[in-house]
Amino acid sequence: NLNGFQGTYSKLIDVSDADVGDSLAGWLEVFDPAGHRLPDSGNAESPLFIISFGPDGAPIILQDGLGWTNGQNWLHPGQNYSIQIPIQDVNGYGDIQEVEVDLSSDSNEDLMIQWSAMNGCSTSSIGIVIQDCSILGDTHHFEPIFTLEVVMSFAWDFNADSSMERRVRITASDDSGQSHSNELDGVWRYSSEMEIDLASVAFSNNSAFIAPEDVGILSADVVWTKSGQLVHNIIDVVAYVDGVENYGISVNGATDLQVIAPNSTGIFPITMDLVNLPSGAIDRTVSDDIVAWMVVDGNAPKVLQVLSPNP
């Protein structure tokens, strides 16, 4: 019925003469009586669908190249992590119905990520943030070997139990219902514990000797406690000198904190801590430990006597 406002139309295509290796592309050319073309109907350069004729085969998740790209066992909130998944399928990724990444296959946690060529990546877990999903390189729709990369991060309110060990299982399914699974080597654990690396604290622009009320630069690293990796998030840092708070920030795990010297001569201990952390972060800094000493010298040198030559 071409006179209705809406309809469902179908077309039977005879492919009985197609040979292995042939392909079929399709698009729509629909115009209304006023000459308006149906939008998003495809064209020869960007068809609505492509069919490749050949024998069907189950997808295989290849072992070579499979895994986390950072190679770490400890994962942390607010950091991007990527998993690369090489897959072999004789019909290419167009035949893949879904790739499922189960980040906790040995427990009943819901840590699933699903990918499809049509919809990209999705997850029902509120603790997982999808950053990107893509087929790497200029891989053609029908190339038999391709690599899916999933980039994700963890929300700060992710389960903070650092004792849990989790295994990753990946399953690829094609349009005919065939599937294949593979597990990543090893386990991963999660921790939101961070601290100032007290051994890294040092004055960067001068020595510990400083004049009253002058400004010194105190450098330090902020690291994840369990892995020792730098914390890439912006973190507030404070240094205490003679009871006075000096605030700064850590960016990509490093801080250059300005500390103001007291206005009186003396030797003053410096302690440091993390403040205003995101909800879910755990500070493991030993805030009572003295990380450095500041020697405030208010006495300028002076000549007491000229011994030689005689005046």
Side-chain angles (χ1 to χ4, degrees), residues 70-80 153-154 156-157 160 162 189-311:
N70 67 332
Q72 296 291 335
N73 294 327
W74 282 101
L75 306 182
H76 309 288
Q79 318 277 130
N80 284 355
S153 63
F154 294 97
W156 284 96
D157 58 357
S162 62
R189 297 166 72 180
Y190 171 89
S191 172
S192 60
E193 301 165 76
M194 66 177 71
E195 62 185 68
I196 297 173
D197 181 4
L198 302 185
S200 69
V201 180
F203 284 99
S204 61
N205 69 330
N206 51 17
S207 68
F209 291 86
I210 190 171
E213 298 184 331
D214 271 3
V215 176
I217 303 297
L218 200 62
S219 298
D221 292 338
V222 178
V223 300
W224 297 107
T225 302
K226 296 295 187 181
S227 67
Q229 301 171 26
L230 295 174
V231 177
H232 294 159
N233 309 79
I234 296 176
I235 301 297
D236 290 340
V237 182
V238 62
Y240 300 93
V241 183
D242 194 30
V244 177
E245 300 170 347
N246 300 263
Y247 289 94
I249 60 172
S250 167
V251 180
N252 292 325
T255 181
D256 289 318
L257 183 64
Q258 292 188 347
V259 288
I260 301 175
N263 58 9
S264 58
T265 297
I267 302 176
F268 301 92
I270 301 175
T271 59
M272 297 184 70
D273 204 359
L274 304 176
V275 293
N276 303 322
L277 291 178
S279 177
I282 301 172
D283 181 11
R284 295 300 189 197
T285 305
V286 184
S287 58
D288 294 334
D289 279 7
I290 297 173
V291 299
W293 293 89
M294 177 178 283
V295 181
V296 181
D297 184 1
N299 302 313
K302 62 182 180 179
V303 177
L304 297 179
Q305 181 182 0
V306 178
L307 298 178
S308 178
N310 293 328

*Asks:* Got a sec: does the CG of Leu198 have more than 12 other heavy atoms crowding it under 6.0 Å?
*Replies:* yes
*Asks:* Do Ser192 side-chain atoms and Gly280 backbone N/O form a donor-acceptor pair below 3.5 Å?
*Replies:* yes
*Asks:* What verdict does the side-chain contact (heavy atoms from CB on, under 4.5 Å) test give for Val244 and Phe268, after you've listed the backbone C-alpha separation in whole Å, the side-chain angles of each residue and the deciding distance to 0.1 Å?
*Replies:* CA-CA 11 Å; Val244 177; Phe268 301 92; over 6 Å; no
*Asks:* Between Ala220 and Ile196, what is the shortest heavy-atom contact and its length?
*Replies:*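 Closest approach of Ala220 to Ile196, heavy atoms only: CB-CG2, 4.1 Å.
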*Asks:* Rounded at 0.5 Å granularity, tell me how far CD in Gln229 sits from CG in Leu75.
*Replies:* 8.0 Å
*Asks:* With heavy-atom distances below 4.5 Å as the criterion, would you say the side chains of Trp293 and Ile270 are in contact?
*Replies:*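 With C-beta onward as the side chain, the pair stays apart.
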*Asks:* Look at the side chain of Ser250 and the backbone N and O of Ile234, then say whether any donor-acceptor pair between them is shorter than 3.5 Å.
*Replies:*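 Between the backbone of Ile234 and the side chain of Ser250 there is no qualifying donor-acceptor contact (under 3.5 Å).
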*Asks:* Would you mind reporting whether Tyr247 and Val275 have side-chain heavy atoms less than 4.5 Å apart?
*Replies:*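 Side chain of Val275 against side chain of Tyr247, heavy atoms only: contact under 4.5 Å found.
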*Asks:* Would a 4.5 Å heavy-atom cut-off, applied to side chains only, mark Val237 and Leu274 as touching?
*Replies:*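 Yes, side chains in contact.
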*Asks:* Taking the side chain from Asp289 and the backbone from Val291, do they hold a donor-acceptor pair closer than 3.5 Å?
*Replies:* no
*Asks:* Do the non-hydrogen side-chain atoms of Tyr240 and Ser287 ever get within less than 4.5 Å of each other?
*Replies:* no
*Asks:* Working to the nearest 0.5 angstrom, can you tell me the gap between Met294 CE and Leu218 CG?
*Replies:*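 One gets 7.5 Å once the value is rounded to the nearest 0.5 Å.
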*Asks:* How long is the straight-line distance from CD1 of Ile217 back to CD of Gln258, given to the nearest 0.5 Å?
*Replies:*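 Gln258 CD to Ile217 CD1: 4.5 Å, rounded to 0.5 Å.
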*Asks:* Go through Leu277 and Ile235 one step at a time and tell me if the side-chain contact (heavy atoms from CB on, under 4.5 Å) criterion holds.
*Replies:* CA-CA 7 Å; Leu277 291 178; Ile235 301 297; 3.7 Å; yes
*Asks:* State, to 0.1 Å, how close Val241 and Pro262 come at their nearest heavy-atom pair, and which atoms those are.
*Replies:* CG1-CD, 3.9 Å
*Asks:* Per the side chain to side chain donor-acceptor pair (under 3.5 Å) rule, which among Arg284, Glu193, His76, Glu195 passes with Thr225?
*Replies:*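 Among Arg284, Glu193, His76, Glu195, the one meeting side chain to side chain donor-acceptor pair (under 3.5 Å) with Thr225 is Glu195.
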*Asks:* What pair of heavy atoms forms the shortest contact from Phe203 to Ala292, and how long is it?
*Replies:* CE1-CB, 4.3 Å
*Asks:* As a quick check of understanding, evaluate side-chain contact (heavy atoms from CB on, under 4.5 Å) for Asp256 and Ser204, giving each step before the final call.
*Replies:* CA-CA 8 Å; Asp256 289 318; Ser204 61; 4.2 Å; yes
*Asks:* How about Phe154 and Tyr190: do any of their side-chain heavy atoms sit closer than 4.5 Å?
*Replies:* yes
*Asks:* Could you pull out the closest heavy-atom pair between Ser200 and Asp221, with the gap in Å?
*Replies:*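 That closest heavy-atom pairing would be OG-N, 2.9 Å.
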*Asks:* Counting C-beta onward and ignoring hydrogens, is there a side-chain heavy-atom pair between Ser279 and Trp156 closer than 4.5 Å?
*Replies:* no
*Asks:* What residue among Val286, Asn246, Thr285, Leu257 forms side-chain contact (heavy atoms from CB on, under 4.5 Å) with Met272?
*Replies:*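 Between Met272 and the candidates, side-chain contact (heavy atoms from CB on, under 4.5 Å) is satisfied uniquely by Leu257.
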*Asks:* What's the spacing between Asn80 CG and Asn70 CG if we round to 0.5 Å?
*Replies:* 10.5 Å
*Asks:* How far does CD1 of Ile290 sit from OG1 of Thr271, to the nearest 0.5 angstrom?
*Replies:* 8.0 Å
*Asks:* I'd like to know whether Asn252 forms a side-chain contact (heavy atoms from CB on, under 4.5 Å) with Leu230, so could you lay out the CA-CA distance, the side-chain angles of the two residues, the decisive distance to 0.1 Å, and finally the verdict.
*Replies:* CA-CA 7 Å; Asn252 292 325; Leu230 295 174; over 6 Å; no
*Asks:* Specify the closest pair of heavy atoms between Ser264 and Val296, including all atoms of both residues, with the distance to one decimal.
*Replies:*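 The pair with the smallest heavy-atom distance is O-CG1, 3.2 Å.
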*Asks:* Can you tell me how far the CG atom of Asp236 sits from the CG atom of Asp273, to the nearest 0.5 Å?
*Replies:* 11.5 Å
